[in-house]
Amino acid sequence: EVQLLESGGGFIQPGGSLRLSCTASGFTLQNYGMTWVRQAPGKGLEWVSAISPSGSRTYYADSVKGRFIISRDISKNTLYLEMNSLRAEDTALYYCASGGMDVWGQGTTVTVSS
Amino acid sequence: EIVLTQSPATLSLSPGERATLSCRASQSVSTFFAWFQQKPGQAPRLLIYDTSKRATGIPARFSGSGSGTDCALTINSVDPEDIAMYYCQQRDNPITFGQGTRLEIK
């Protein structure tokens, strides 16, 4: 069964850093692009970042560009989102999804507050 | 960035009626549109990709259409299990989502 499992969320003060993980099972990340999407409480979906199937290209929303870094470890079949200089407006449920967004994890919550 | 505007914000229908959800882009989309369904407390679910192709396991009552700046999701004969938020998405870089349409069943 194809599954994605996010982890690493938590409560963090503004300006802090956090790294989210997304472990895939049932398929290998080496053949797929992957995406991070977030959803602020009571709000809609916001695309955050993506990585190409080869891993050589990365893409970011303007709201996170320069602060977030997407990466992957093929040996661990895990996708990452390193989040730096966190702001209150980064508070959200963070989902990882396959590149085509046909497979989603259940999300991990990030709360940025003092 | 392409802004997607969905209408209506809320759609209230009786079981068996047809639902038409619209999505308009601020400029022409060169790639494709997609549609997602999200029920409370759940992750989004892909319904339609490449503007008009149903994702695996999606019932035939869901269909997508459109091109350029406009797309639509049609649900023939809505069912109470279709109660959800529906989001359109465009795949040009950067990817963007619409603000959503809430489907209610009377």
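Throughout, a chain's letter reflects where its sequence line sits, starting with A, and its residues are numbered from 1. Remember, it's a predicted structure, so these values are computed and weren't measured experimentally.
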Answer yes if [X] and [Y] sit in the same cluster of Ile, Leu, Val, Met, Phe, Trp and Tyr residues linked by side chain heavy atoms under 4.5 Å apart, and no otherwise.
{"X": "B:Met85", "Y": "B:Phe36", "answer": "yes"}
{"X": "B:Leu46", "Y": "A:Tyr95", "answer": "yes"}
{"X": "A:Met34", "Y": "A:Leu20", "answer": "yes"}
{"X": "A:Val48", "Y": "A:Trp104", "answer": "no"}

What part of B:Tyr87 gets closer than 4.5 Å to chain A, counting heavy atoms only: side chain, backbone, both or neither?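 When you check distances to chain A, only side chain atoms of B:Tyr87 fall under 4.5 Å.
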Can you tell which part of A:Val103 gets under 4.5 Å to a heavy atom of chain B, answering side chain, backbone, both or neither?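 The answer is neither part of A:Val103.
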So what's closer than 4.5 Å to chain B heavy atoms on A:Gln39: side chain, backbone, both or neither?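 For A:Gln39, the side chain is the part near chain B, not the backbone.
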Hey, could you give me the [atom1]/[atom2] distance between [X] and [Y], rounded to the nearest 0.5 Å?
{"X": "A:Met101", "Y": "B:Ile95", "atom1": "CE", "atom2": "CD1", "value": "4.0 Å"}
{"X": "B:Asn93", "Y": "A:Trp47", "atom1": "CG", "atom2": "CH2", "value": "5.0 Å"}
{"X": "A:Leu45", "Y": "B:Gln89", "atom1": "CG", "atom2": "CD", "value": "9.0 Å"}

Please indicate whether B:Arg61 has more than 12 foreign heavy atoms, meaning atoms of other residues, nucleotides or ligands, lying under 6.0 Å from its CZ.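 Atom CZ in B:Arg61 is packed in, count exceeds 12.
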Please say whether more than 12 non-hydrogen atoms of neighbouring residues, nucleotides or ligands are located less than 6.0 Å from NZ in B:Lys39.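 Result for NZ/B:Lys39: enclosed.
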For B:Ala43 versus A:Gly105, what's the shortest heavy-atom pair and its separation?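 Minimum heavy-atom separation between B:Ala43 and A:Gly105: CB-O, 3.3 Å.
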Using distance alone, with no hydrogens and no angle criterion, decide if B:Gln42 and A:Gln106 have a side-chain donor and acceptor under 3.5 Å apart.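 A:Gln106 and B:Gln42 do not have a side-chain donor-acceptor pair below 3.5 Å.
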